[in-house]
Amino acid sequence: MAETTENVPTTSSPQQQPLVMQIVVRRDLLDAEGWGVGPLMAQVAHATSAVLHETRERPETQAYLEDLKNMRKVVLQTPDQASIERLASVLSASDPPVPYHLWTEQPENVPTCLAFAPNRRDSRIKKALDKAGCRLWKG
């Protein structure tokens, strides 16, 4: 019987980037405003829950949630309120817009954290993060 290779993936096809969520937290809330680590972690939880709920119909979000053992997240910091608002503005102005949720703590009305919907690290996201001065969160 002859061997067939019809359904065997070829090694020349590029491998798809894994899904990831980028989470951007205002560093000044910890360093200058006196927020504790616990309250900042709550802001991250609020923003990620919100964006997952808002994008629950997107195929990328569904695939991300179906693979619980392989969820990837990257936590980044931005220096201040102006930079996180600039990031939100750049994302909203993208064509098509990049799905995200900017969490605003109430009743203080303070934007604290921005979470991206699950994505494959497209170049628009990297450019927006760079433009807003985002860096990996440092201890």
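The figures that follow rest on heavy atoms only: side chains count, while hydrogens, waters and symmetry mates do not. Worth saying up front: this structure is predicted, and the values here are computed from it rather than measured.
For the pair R26/T78, a side-chain contact is recorded, criterion being any heavy-atom separation below 4.5 Å from C-beta on. At least one side-chain heavy atom of L52 sits under 4.5 Å from a side-chain heavy atom of M21.
With sequence neighbours excluded, no residue forms a side chain to side chain contact (heavy atoms under 4.5 Å, CB included) with S49. Evaluation of the side chain to side chain donor-acceptor pair (under 3.5 Å) rule for Q62 yields no partner, not counting sequence neighbours. Residues satisfying the side chain to side chain donor-acceptor pair (under 3.5 Å) criterion with R72, sequence neighbours excluded, are absent altogether. Residues forming a salt bridge (Lys or Arg N to Asp or Glu O under 4.0 Å) with D80 (at least two apart in sequence, or on another chain): none. Considering only residues two or more places apart in sequence or on other chains, N109 meets the side chain to side chain contact (heavy atoms under 4.5 Å, CB included) condition with T104, Q106. Evaluation of the side chain to side chain contact (heavy atoms under 4.5 Å, CB included) rule for M71 yields Y64, L65, L68, K73 as partners, not counting sequence neighbours. By the salt bridge (Lys or Arg N to Asp or Glu O under 4.0 Å) test, E60 is found to be paired with R58, residues two or more places apart in sequence or in another chain being considered. With sequence neighbours left out, E54 forms a side chain to side chain donor-acceptor pair (under 3.5 Å) with H101. Every residue meeting the side chain to side chain donor-acceptor pair (under 3.5 Å) condition with R56, not counting sequence neighbours, appears here in chain and number order: H53.
Between P111 and E85 the shortest heavy-atom distance is CG-OE2, 3.5 Å. Contact record, P99 with T55: CB-CG2, 4.0 Å, taken as the closest heavy-atom pair. What you find for A117 and V51 is that their closest heavy atoms are N-CG2, 3.6 Å. Taking every heavy atom of both residues into account, R124 and D95 meet most closely at NH1-C, 4.1 Å.
Cluster membership check: V75 shares its hydrophobic cluster with L29, using side-chain heavy-atom separations under 4.5 Å among Ile, Leu, Val, Met, Phe, Trp and Tyr. Linking ILVMFWY residues whenever their side-chain heavy atoms come closer than 4.5 Å, directly or via other members, leaves I23 and L19 in distinct clusters. Under the 4.5 Å side-chain heavy-atom criterion for ILVMFWY residues, a single connected hydrophobic cluster contains both V24 and L91.
For residues 31-45, the pairs satisfying side-chain hydrogen bond (donor to acceptor under 3.5 Å, both in side chains) are R27-D31, Q43-W103, Q43-E105, Q43-T112, with sequence neighbours left out.
None of L102, L40, V44, T48 except one satisfies the side chain to side chain contact (heavy atoms under 4.5 Å, CB included) rule with C113; the exception is V44.
A distance of 13.0 Å separates OG in S89 from CD1 in I84, rounded to the nearest 0.5 Å.
Checked by atom type and distance alone, the side chain of S94 pairs as donor or acceptor with a backbone atom of V90 at under 3.5 Å. No donor-acceptor pair under 3.5 Å is formed between the side chain of Y100 and the backbone N or O of L114.
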Please tabulate, one pair per line, all N/O donor-acceptor pairs under 3.5 Å involving side-chain atoms of residues 125-139, not counting sequence neighbours.
| unit_1 | atom_1 | unit_2 | atom_2 | d |
| --- | --- | --- | --- | --- |
| K126 | NZ | D130 | OD2 | 3.0 |

